[in-house]
A.B. asks: 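There's a structure below that I have some questions on.
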Protein chains: 2
Amino acid sequence: MRPTMNDVARAAGVALKTVSRVVNGEPGVNESTAARVREAIQELGYSRNEGARMLRRGRTATIGLVIEDVGDPFYAGLSRAVEESVIRHGYLLLTGSSGEDPGRERELVRAFCDRRVDGLIVIPAGSDHTYLRPELDAGTPAVFVDRPPGPGIDADTVLCDNAGGAALAVGHLLRHGHRRIAFLGDSPSIFTATERLRGYRETLGELFDERLVTMRPATLEGVRADLDRMFALDDPPTALFTGNGRFTMTTLRALAGRWLPLVGFDDFELADLLSPGVTVVAQDPAGLGRVAAELLLRRIGGDDGPSEHLRLPVRLIVRGSVER
Amino acid sequence: MRPTMNDVARAAGVALKTVSRVVNGEPGVNESTAARVREAIQELGYSRNEGARMLRRGRTATIGLVIEDVGDPFYAGLSRAVEESVIRHGYLLLTGSSGEDPGRERELVRAFCDRRVDGLIVIPAGSDHTYLRPELDAGTPAVFVDRPPGPGIDADTVLCDNAGGAALAVGHLLRHGHRRIAFLGDSPSIFTATERLRGYRETLGELFDERLVTMRPATLEGVRADLDRMFALDDPPTALFTGNGRFTMTTLRALAGRWLPLVGFDDFELADLLSPGVTVVAQDPAGLGRVAAELLLRRIGGDDGPSEHLRLPVRLIVRGSVER
DNA sequence: GTGAAAGCGCTAACAT
DNA sequence: ATGTTAGCGCTTTCAC
């Protein structure tokens, strides 16, 4: 169907290898010969079959990215930054969403490895990554982002400062005189949720009260029920700390009219336009993606130093949802 | 480095072809032989090299997706739907963002085709797609989404009803008594912007006034300047129609305090939580992605009927930013 | 039921 | 400066 190097060689009246030289810009070809080859290429509409090339060369110039959900703004931003970084180095990106399903994560990794991607960037859904051991041993580097790999796997990891961010949020509320601060976070099985809980707990110290903590998927009904329960306490919360962007939005919806001082983890579009503007602890999704990509590219380049564990800073953005 | 079928064959004491049969679940292998092969596979940690397989079979089970920007919620949603659809059919997705740059779009398409993707889904940035002709002729189907291909290229296209949506928006404002309705949209070079302008213009009829139209990138400064200019008119606008999600948000920021009845094209997260809630014409990004993916899969499956041009409906979501 | 040989489109190593 | 040969890891064809 499509013309091959052989077709070009025949058309130009040269040997296969000469075409290869021209296509790859290798030296040692007479300019007039090269011109004839280029002409034939043009004529036939030849384009190199990268699949064949890669089979021969042993590298695919492809990186596999497993994220939680491309549809989520946080991961979409991360994704974009990864793409931006790797494409500049001549790599393409195979992407897939795990949808928080460990099985799916594993299938994607498997499919990517079967295609011999040169490296993997994974936002893990599961907590067991021993299945990756053979791939790592076979020389396919992997970088974990946003959450660390399960036990027994020693790979590069880029996280953000979850506990520190929670401390920032809670500290801000404490400074505004709050002593009853509720935490609404994701399921404890999710690493970031647990880390944020830890930061919250440690910062509250004596003030910690487990009745003011709820951890579960961010459904509107769930959050409503939890808030109702907390508000019915003798000593109800006077402020809220929401554990991620999704939770912040869901909580704002659940409050519907009522209002309570609030700090959310994760910045989000329009946080500044709500009234009052929502004070948040902002992560840097693009930064996570960029750093992870650069680390991976270094590994692909041959850096086999000890695995790195990076933690990116977060920052508090005060917008008024605490002071009003 | 990694074990090959040959290694497995040697380890199991069978011929290469027998391993191939087992790996591919082909019939005609003795169960005891098959068991020995499977054992060797396990032992060596063999996994099939899909690249080699594809070279031989002539198809890659990969689809290339060129979008504008994965970081944008609209395209992220579309992207996710495409992924969902194709993965169910055993395909993986190569993705890239054009960033509204025709050159980059072309490079991505080229890179995807060099890897012999089985099909392309493109949200075009440019307006000339004749470069795709050879690929289409070579049998690589392409589906255009959100915007049509440039002239001279006859490919499947999935759009949403841009003009109809604009008519819905403007009609809604007219019914609320507005006669001076401004349109703030993207650059005229962008298909959707021009289509929405057309719907706006046709619905306004005699009421159309070009001084109430501005089309340019959605920068805060630009929108501010345009609004100031319009408000300074003898007959200033009493309502706004914003041409896409980004514009709606930018306009809300530019208004900063001031308030004007407004309808936006594109739904967006938190549109309901702003006060007042923002009335929008909602597209269905996931629908666009799903329909495009299904159409492409049909083409890959061999359907070579005449090219299809689908237009998905939009709907008005009334939230209060007009009635207040 | 099993295997040997050819070849997918390319690059690497070695002639000439 | 150009060409020949082998082989990447697999599937296809055909023979036993």
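Naming: A, B, ... by sequence-line order, numbering from 1 per chain. Atoms considered below: every heavy atom in the structure, side chains included; atoms not considered: hydrogens, waters and symmetry mates.
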A.B. asks: Per the side-chain contact (heavy atoms from CB on, under 4.5 Å) rule, which among Leu120(B), Leu297(B), Leu94(B), Val117(B) passes with Ile63(B)?
C.D. replies: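 Looking at Leu120(B), Leu297(B), Leu94(B), Val117(B), the match for Ile63(B) under the side-chain contact (heavy atoms from CB on, under 4.5 Å) is Leu297(B).
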
A.B. asks: Whole angstroms only, please: what is the CG-C1' distance between Asn6(A) and dT4(D)?
C.D. replies: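 Going from CG in Asn6(A) over to C1' in dT4(D) covers 13 Å.
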
A.B. asks: Between the side chains of Asp69(A) and Ser97(A), does any donor sit under 3.5 Å from an acceptor?
C.D. replies: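 There is no such pair (donor and acceptor under 3.5 Å, judged by atom type) between the side chains of Asp69(A) and Ser97(A).
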
A.B. asks: Can you figure out which of dC10(C), dT11(D), dC8(D) approaches the side chain of Arg48(A) most closely?
C.D. replies: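 The nucleotide sitting nearest to the side chain is dC10(C).
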
A.B. asks: Taking the side chain from Glu105(B) and the backbone from Ala125(B), do they hold a donor-acceptor pair closer than 3.5 Å?
C.D. replies: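 A pair under 3.5 Å: yes.
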
A.B. asks: Verify whether one side chain among Arg48(A) and Thr4(A) offers a donor that lies under 3.5 Å from an acceptor in the other.
C.D. replies: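 Result is no, nothing qualifies.
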
A.B. asks: To the nearest Å, give me how far apart CZ (Arg53(B)) and C1' (dG9(D)) are.
C.D. replies: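 Result: 12 Å.
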
A.B. asks: Is it the case that more than 12 heavy atoms not belonging to Glu43(A) sit under 6.0 Å from its CD atom?
C.D. replies: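 It does not: Glu43(A) CD has 12 such atoms or fewer within range.
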
A.B. asks: Quantified as the angle between the terminal helix axes (five pairs each), what is the overall bend of the helix from dG1(C)-dC16(D) to dT16(C)-dA1(D) to 10 degrees?
C.D. replies: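 The two end axes of the helix from dG1(C)-dC16(D) to dT16(C)-dA1(D) meet at 40°.
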
A.B. asks: Rounded to the nearest Å, what distance is computed from the CG atom of residue Asn49(B) to the C1' atom of nucleotide dG7(D)?
C.D. replies: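 Nearest whole value for this atom pair: 14 Å.
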
A.B. asks: Starting at atom CE of Met5(A), determine the distance to atom C1' of dG7(D), rounded to an integer number of angstrom.
C.D. replies: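 After rounding, the reported distance stands at 16 Å.
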
A.B. asks: In whole angstrom, give the distance that lies between atom CG of Asp114(B) and atom P of dG9(C).
C.D. replies: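 Those two atoms, CG and P, are 14 Å apart.
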
A.B. asks: Could you tell me whether Asn24(A) contacts a base, only the sugar-phosphate backbone, or nothing, with contacts defined as non-hydrogen atoms closer than 4.0 Å?
C.D. replies: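 It contacts sugar-phosphate atoms only.
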
A.B. asks: Which letter, B, S or -, goes with each nucleotide of nucleotides 1-7 of chain C from 5' to 3', with contact meaning a protein heavy atom under 4.0 Å?
C.D. replies: SBBB-BB

A.B. asks: Whole Å only: how far is the CD atom of Glu26(B) from the P atom of dT13(D)?
C.D. replies: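 In whole Å, dT13(D) P lies 11 Å from Glu26(B) CD.
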
A.B. asks: Expressed as a whole number of angstroms, how long is the span from Leu55(B):CG to dG7(D):P?
C.D. replies: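 That distance rounds to 17 Å.
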
A.B. asks: When you measure from the side chain of Ala52(B), which nucleotide among dT11(D), dG9(D), dT11(C) comes out closest?
C.D. replies: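 That would be dG9(D).
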
A.B. asks: What residues form a ring pair (Phe, Tyr, Trp, His ring centres under 6.0 Å) with Tyr91(A), not counting sequence neighbours?
C.D. replies: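 Result, ring pair (Phe, Tyr, Trp, His ring centres under 6.0 Å) vs Tyr91(A): none returned.
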
A.B. asks: If I take atom CE in residue Met54(A) and atom P in nucleotide dC8(C), what distance separates them, rounded to the nearest angstrom?
C.D. replies: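 The distance from CE of Met54(A) to P of dC8(C) comes to 20 Å, rounded to the nearest Å.
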
A.B. asks: Between Thr62(B) and Arg116(B), is any side-chain donor less than 3.5 angstrom from a side-chain acceptor?
C.D. replies: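 Per modelled atom types, Thr62(B) and Arg116(B) side chains form no pair under 3.5 Å.
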
A.B. asks: At less than 4.0 Å, is any side-chain N or O atom of Ser20(B) found next to OP1 or OP2 of dT11(D)? Yes or no.
C.D. replies: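 The answer is yes; a side-chain N or O of Ser20(B) sits under 4.0 Å from OP1 or OP2.
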
A.B. asks: Do Asp114(A) and Ser47(B) have a side chain donor and acceptor closer than 3.5 Å?
C.D. replies: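 A donor-acceptor contact under 3.5 Å links the two side chains.
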
A.B. asks: Any side-chain donor paired with an acceptor under 3.5 Å for Arg38(B) and Thr33(B)?
C.D. replies: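 Side-chain D/A pair, Arg38(B) to Thr33(B): absent.
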
